[in-house]
Amino acid sequence: MAELHIAIKPETLFHIGGLPISNTLFTSFVITAVLLVFLAAAGSTLKKTDRPTGIQNFLEMVVESLVAFIESIAGKTARAVTFTPLIAGFFVFVLLNNWADLLPGFDTIRYTGEPGVKLVQVPNIPGISKVFAETTTEEVIETVQQDNAPVSATVEEEHAPEEQNRGVAIFRGANTDINMTLALALISVIATQYFGLRFQKAGYLKKYFDFSGPIQFFVGLLEILSEISKILSYAFRLFGNIFAGQVLLAVMGFLIPVLLPSPFYGLEIFVGFIQALVFSMLSLVYFNMAAESHHG
Amino acid sequence: MDNLPSALAIGLGALGPGIAIGLIGKAALDATGRNPEASGKIQTAMILGLAFAEAVAIYALVIALLLKFV
């Protein structure tokens, strides 16, 4: 009888020094490395011309649309130039991680500690697999080398609660991990405070500690609370959308394998893009509000 | 009966956002009907509003998943 397993917690792949590296973190490393290599290679072939072609054309289109998007909210100010790297970074990072999660191989290629890499017949989702309890229908691929772990490490395997060793997925979408989204949320909120202090100097603290009256003081404390709730809302919005999307794909794949998940892949592509857009747009709006002087 | 808590979590949790999303769509359509030239800006604001409303439903879904699978 096939079962459906969903693991919210990411599994550890290996350790670097004393730090455990989970499969989501490893996936984000791989995606960042791919992005950097691509950009470095494309950047070395840039030509100064009025009619760009090929990759340069595509990259210029991406940069121009990001800049237009940022300027539409922050205006054509020096602030917008300061915000652009972080906001564009958020957008591209979240977008690529969301979309990469839909590629084949994510969460289907698993490592069980046995030689070779085990390819398990599973739906394409984090921590979810169909476990065929009596017969093993998994195929062990002997020739596939696991050459994607550049550091020497001990490989940990997570033993599933039941007898069969399903192994650990090597790739799992980075934003299906609440740790990753929480980290992004913390970066965004701390950057908000940083930009507020930088553009408004010490006057920014008057938003939180306003001693001109008892009600204003209380409102200042509520503002502190709302910053904390922003962290939670960023983290859970991104995590919930991506993780629930993956669970949806798992359940659909569990019911009718190829046909039923297909329209949901389209939905997931759209949702991945929208969540990247919302995360960066919201960060931009809060940065902008923090940097402008408040008029109450 | 075992799954009742998670069923209630997502079922009741999706009521509010469902209504909210409908209202946002209605407002966007009304605005576009009045002023078709501004439809680009209206669409952007609508998508943003939809993402926030949907986020609340997603919070409820996360709780439902936690209850069921953890």
Side-chain angles (χ1 to χ4, degrees), chain A residues 3-10 65 68-70 72-73 94 98 125-129 160-161 175-178 181-182 185 229-230 232-248 250-251 254 267 270-286, chain B:
Chain A
E3 303 171 1
L4 197 59
H5 271 273
I6 298 182
I8 294 190
K9 200 175 140 181
S65 27
F69 163 63
I70 291 173
S72 76
I73 297 184
V94 174
N98 291 349
I125 316 83
I128 297 174
S129 65
N175 290 321
T176 60
D177 182 1
I178 187 73
T181 56
L182 190 61
S229 87
K230 271 178 209 165
L232 289 176
S233 98
Y234 274 131
F236 274 106
R237 185 183 307 118
L238 186 56
F239 168 71
N241 269 290
I242 306 304
F243 182 74
Q246 294 293 305
V247 170
L248 178 67
V251 173
F254 184 69
L267 177 68
F270 179 66
V271 165
F273 176 75
I274 292 292
Q275 286 308 309
L277 189 68
V278 163
F279 193 99
S280 43
M281 193 190 299
L282 202 54
S283 297
L284 180 61
V285 166
Y286 287 135
Chain B
M1 225 34 184
D2 294 334
N3 292 330
L4 189 61
S6 59
L8 277 179
I10 184 58
L12 293 177
L15 271 180
I19 298 178
I21 291 175
L23 287 174
I24 291 174
K26 169 189 184 296
L29 287 172
D30 284 344
T32 307
R34 282 175 190 272
N35 188 5
E37 284 178 358
S39 73
K41 288 189 191 172
I42 294 172
Q43 198 174 356
T44 310
M46 177 188 85
I47 298 277
L48 195 60
L50 278 177
F52 285 122
E54 186 146 353
V56 177
I58 299 287
Y59 302 158
L61 180 63
V62 169
I63 298 292
L65 288 175
L66 276 172
L67 285 174
K68 175 130 175 72
F69 291 114
V70 173

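Worth knowing before you read on, the calculation uses all heavy atoms, side chains too, and leaves out hydrogens, waters and symmetry mates. By convention in this document, chain letters (A, B, ...) are assigned in the order of the sequence lines, proteins followed by strands, and residues within each chain are numbered from 1.
For A/G240 against B/V62, the heavy-atom pair with the smallest separation is CA-CG2, 3.6 Å. The shortest non-hydrogen separation linking B/Y59 to A/R237 is CE2-N, 3.8 Å. For the residue pair B/I58 and A/F236, the shortest heavy atom distance occurs at CG2-O, 4.3 Å.
With a 4.5 Å cut-off on non-hydrogen atoms, A/S72 does not touch chain B at all. In this structure, no portion of A/L238 lies under 4.5 Å from any heavy atom of chain B.
Going from atom CG of B/L65 over to atom CD1 of A/I8 covers 6.0 Å, rounded to the nearest 0.5 Å.
Under a cut-off of 6.0 angstrom, the local environment of NZ in A/K230 is crowded, with over 12 non-hydrogen atoms contributed by other residues, nucleotides or ligands.
Most heavy-atom pairs under 4.5 Å with chain A: of the set B/T44, B/L61, B/L66, B/L48, this distinction falls to B/L48.
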